[in-house]
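In the text below, chain A, chain B and the rest are named by the order of the sequence lines, each starting its count at 1. None of these values were measured; they are calculated from a predicted model.
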Number of protein chains: 2
Amino acid sequence: MDLLMKSLKIGVNEKLYIKDPESSTLGKNIVEQSILMIDEMGFDHFTFKKLGVKINSNESSIYRYFENKHKLLLYLATWYWGWVEYRMVFATNGISDPVKKLEKAVEILTKNVEEDSSITHVNEVVLNRLVINEYSKSYLVKEVNQENKDGYFVVYKRLVNRLSDMISAVDEKYPYPISLASNVLEGSLHQYFLKEHFPKLTNCNETVTPTKFFTDLIFRTLNQKIDG
Amino acid sequence: MDLLMKSLKIGVNEKLYIKDPESSTLGKNIVEQSILMIDEMGFDHFTFKKLGVKINSNESSIYRYFENKHKLLLYLATWYWGWVEYRMVFATNGISDPVKKLEKAVEILTKNVEEDSSITHVNEVVLNRLVINEYSKSYLVKEVNQENKDGYFVVYKRLVNRLSDMISAVDEKYPYPISLASNVLEGSLHQYFLKEHFPKLTNCNETVTPTKFFTDLIFRTLNQKIDG
DNA sequence: CAAATATAAAAGTATTACTATCATATTATA
DNA sequence: TATAATATGATAGTAATACTTTTATATTTG
């Protein structure tokens, strides 16, 4: 899969950038280092000026790639979900048993990213942490309806729908497949956050993973027995 | 209950304000109008300067009540969860059947606030909407660990634990009661958000409420039959 | 009525979030 | 290889934000 990833370019909505960051060294640098910086200092404290200093480039040059830091966050999030989607589709592709297929999908969607593919300039482990801490901020804005119309969330929505379809394939009678799917995706990020900052608000810890919790939740809900 | 509410003061951590806003007309005005303003323009566009203009007061006077708008958000959120907790405890108090008790709790915790009590300066309907749109921003910050130590989230944590206990009372064998509880509380806000802005990512609509979805989810998970 | 306290008004600072201009470096093309 | 086109860098500038400080004026309390 690593080799495949090498030649794969995650498709991101063109409105999210002014100039495609994949098209130049500076652009790739902006993406690579912004991920590390946002992870380190948090999105709220992150500025293009600080990023400019870090990458030895100029604030104004960064503005030629991204309109503002909000668009950059949307770009990074879209990249992340595109990458997750790719892995999920790839991993579940050959599975014909709906239960096993759903199980695998939930595993990919909820498990912690533990190693960086080292193929691209994007560090997926750090990006995963960034998404846990910052993703909500990309849509909890007054402009969300317009941005949704502009297609900034298509990848994420497609992912929720894929999961929803797999849920329905296991239990076509279950009445809330989309809500369950969106709940799992968003809830998984939340459980990771709680595990890190509010350990008393989650049963997830070193041994119990969010994957375990959500796999159990889904199959109890769909009234299916699962091993393990 | 309305009469009870009248004499009830929601207890908010004293570190969240410089001067207690309940102690003066100006303070109450700050709380009342900030709720309306944040709801209207979104937390990101809200500033103390704008609020000052709206309440015909001075920016510097607002700073004598709240250190910054982040603390104000924490204050409003704490007030909200305190109010929800009060209603939940009150509504479930006399119920001895664990299943019915849990059902009632979930109803209070996940149902839309539809009418303002009109007793206090706080408009609960608007505050509920504010919490749906902005609550995550109060904890998705780099300073979360320190703020947690300072006790800014005690009310919310207590609420999650109450729900968790009720879950365990229905099924003591269920291994993830706290995760289920935190998932319901956070997920409920999320489903309302989706219903409003991403209707294709939820099954909730005019007839299906988040309450229905989560009640169904919980009792399927705990392997209990529920009517309705 | 005096003293204490609360609020208002105004000004000031540092940072943020950009935009604009011009210079220089790099790359593409004739 | 010269020239043109494009990308990047450096500098400066603007408006808004997020405060802090000071001083004046109300309002409350003893």
Side-chain angles (χ1 to χ4, degrees), chain A residues 14-34 37-38 40-76 121 134 137-138 140-143 146-147, chain B residues 14-34 37-38 40-76 121 134 137-138 140-143 146-147:
Chain A
E14 290 184 9
K15 283 187 188 169
L16 284 175
Y17 47 76
I18 296 167
K19 181 179 173 177
D20 185 356
E22 290 294 316
S23 71
S24 75
T25 312
L26 176 59
K28 284 176 194 160
N29 238 279
I30 290 171
V31 169
E32 177 176 11
Q33 296 300 318
S34 68
M37 262 191 120
I38 294 172
E40 260 175 56
M41 62 177 65
F43 185 68
D44 301 340
H45 298 302
F46 168 81
T47 70
F48 280 1
K49 182 145 208 175
K50 289 174 187 168
L51 178 61
V53 172
K54 176 144 179 177
I55 64 176
N56 286 311
S57 181
N58 199 278
E59 201 187 356
S60 61
S61 304
I62 301 169
Y63 275 105
R64 287 201 192 87
Y65 284 85
F66 294 99
E67 226 177 298
N68 50 51
K69 69 173 183 172
H70 175 241
K71 289 277 174 80
L72 171 60
L73 178 60
L74 285 165
Y75 177 91
L76 297 177
H121 49 291
E134 319 288 357
K137 294 174 192 167
S138 76
L140 292 178
V141 295
K142 263 294 171 199
E143 302 79 12
Q146 184 56 50
E147 298 190 345
Chain B
E14 290 185 9
K15 283 188 189 168
L16 284 175
Y17 48 77
I18 295 167
K19 181 180 173 175
D20 185 357
E22 291 294 317
S23 72
S24 75
T25 312
L26 176 60
K28 283 175 194 159
N29 238 280
I30 290 172
V31 169
E32 177 176 11
Q33 296 300 317
S34 68
M37 262 192 121
I38 294 173
E40 260 176 54
M41 61 176 67
F43 185 68
D44 301 341
H45 298 302
F46 168 82
T47 69
F48 280 1
K49 182 146 209 174
K50 289 174 186 167
L51 178 61
V53 173
K54 177 142 180 180
I55 64 178
N56 287 311
S57 182
N58 200 276
E59 202 188 356
S60 60
S61 304
I62 301 169
Y63 275 106
R64 284 201 196 85
Y65 284 84
F66 294 100
E67 224 177 298
N68 50 51
K69 69 172 182 173
H70 176 241
K71 289 275 174 82
L72 171 60
L73 178 60
L74 285 166
Y75 176 91
L76 296 176
H121 50 290
E134 318 289 357
K137 294 173 192 168
S138 75
L140 292 178
V141 295
K142 263 296 168 192
E143 301 78 12
Q146 184 56 50
E147 298 190 343

**Student:** Residues in side chain to side chain donor-acceptor pair (under 3.5 Å) with B:Glu32, at least two apart?
**Tutor:** none
**Student:** Atom NZ of A:Lys50 to atom C1' of C:dT15: distance rounded to whole Å?
**Tutor:**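 The distance from NZ of A:Lys50 to C1' of C:dT15 comes to 9 Å, rounded to the nearest Å.
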**Student:** Mind calculating the distance between CZ (B:Phe46) and C1' (D:dA18) to the nearest angstrom?
**Tutor:** 12 Å
**Student:** How long is the line joining CG of B:Asn56 and P of D:dA26, in whole Å?
**Tutor:**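 Atom-to-atom, B:Asn56 to D:dA26, this comes out as 16 Å.
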**Student:** In whole angstrom, what separates B:His45's NE2 from C:dA17's C1'?
**Tutor:**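 Taking atom C1' of C:dA17 as the reference, NE2 of B:His45 is at 13 Å.
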**Student:** Out of D:dG9, C:dA8, C:dA17, which has the shortest distance to the side chain of A:Thr47?
**Tutor:** C:dA17
**Student:** Does a salt bridge link B:Lys137 with B:Asp44, judged by any charged N lying under 4.0 Å from a carboxylate O?
**Tutor:** yes
**Student:** Check whether any side-chain heavy atom of A:Lys50 lies under 4.5 Å from a side-chain heavy atom of A:Met41, and answer yes or no.
**Tutor:**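 They are in contact (side-chain heavy atoms under 4.5 Å apart), so the answer is yes.
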**Student:** Rounded to whole Å, how long is the line connecting atom CZ of A:Phe48 with atom C1' of C:dT19?
**Tutor:** 14 Å
**Student:** I need the residues from residues 60-72 of chain B with at least one non-hydrogen atom less than 4.0 Å from DNA chain C; give them sorted by number, or say none.
**Tutor:** B:Ser60, B:Ser61, B:Arg64, B:Tyr65
**Student:** Using the test side chain to side chain donor-acceptor pair (under 3.5 Å), find all partners of B:Gln33 that sit at least two apart in sequence or belong to another chain.
**Tutor:**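 Counting only residues at least two positions away or on another chain, B:Gln33 forms no side chain to side chain donor-acceptor pair (under 3.5 Å).
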**Student:** Does A:Glu67 have any side chain to side chain donor-acceptor pair (under 3.5 Å) partners at least two apart in sequence or in another chain, and if so, which?
**Tutor:** A:Lys71
**Student:** Applying side chain to side chain contact (heavy atoms under 4.5 Å, CB included), can you list everything that pairs with B:Gln146, at least two apart in sequence or on another chain?
**Tutor:**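 Applying side chain to side chain contact (heavy atoms under 4.5 Å, CB included) to B:Gln146 gives B:Lys149, B:Asp150.
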**Student:** Among residues 15-31 of chain B, which contact DNA chain D at a heavy-atom distance under 4.0 Å?
**Tutor:**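 Within this stretch, nothing sits under 4.0 Å of the strand.
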**Student:** Using the salt bridge (charged side-chain N to carboxylate O under 4.0 Å, His left out) criterion, which residues pair with B:Glu147? Sequence neighbours excluded.
**Tutor:** none
**Student:** Check the distance between D:dA10's C1' and A:Lys49's NZ and give it to me in whole angstrom.
**Tutor:** 11 Å
**Student:** For B:Ser24, what residues pass the side chain to side chain contact (heavy atoms under 4.5 Å, CB included) criterion, not counting sequence neighbours?
**Tutor:**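 Partners of B:Ser24 by the side chain to side chain contact (heavy atoms under 4.5 Å, CB included) criterion, ordered by chain and then number, come out as B:Leu26, B:Tyr65.
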**Student:** Write down the distance between CD1 (A:Ile55) and C1' (D:dG9), rounded to a whole number of angstrom.
**Tutor:** 12 Å
**Student:** Dump the pairs, protein N or O against N or O of nucleotides 28-30 of chain D, anything under 3.5 Å, distances to one decimal.
**Tutor:**
none

**Student:** For A:Phe43, what residues pass the ring-ring contact (aromatic ring centres under 6.0 Å, His included) criterion, not counting sequence neighbours?
**Tutor:** none
**Student:** Using the test side chain to side chain contact (heavy atoms under 4.5 Å, CB included), find all partners of A:Lys49 that sit at least two apart in sequence or belong to another chain.
**Tutor:** A:Thr47, A:Glu59
**Student:** Please collect all salt bridge (charged side-chain N to carboxylate O under 4.0 Å, His left out) contacts where either partner lies in residues 19-28 of chain B, sequence neighbours excluded, each pair once.
**Tutor:**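 Every salt bridge (charged side-chain N to carboxylate O under 4.0 Å, His left out) pair that includes a residue of residues 19-28 of chain B, provided the two are not neighbours, is B:Lys9-B:Asp20.
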**Student:** Which whole-number value in Å describes the distance from A:Glu59 CD to D:dA12 P?
**Tutor:**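 Taking CD of A:Glu59 and P of D:dA12, I get 14 Å after rounding.
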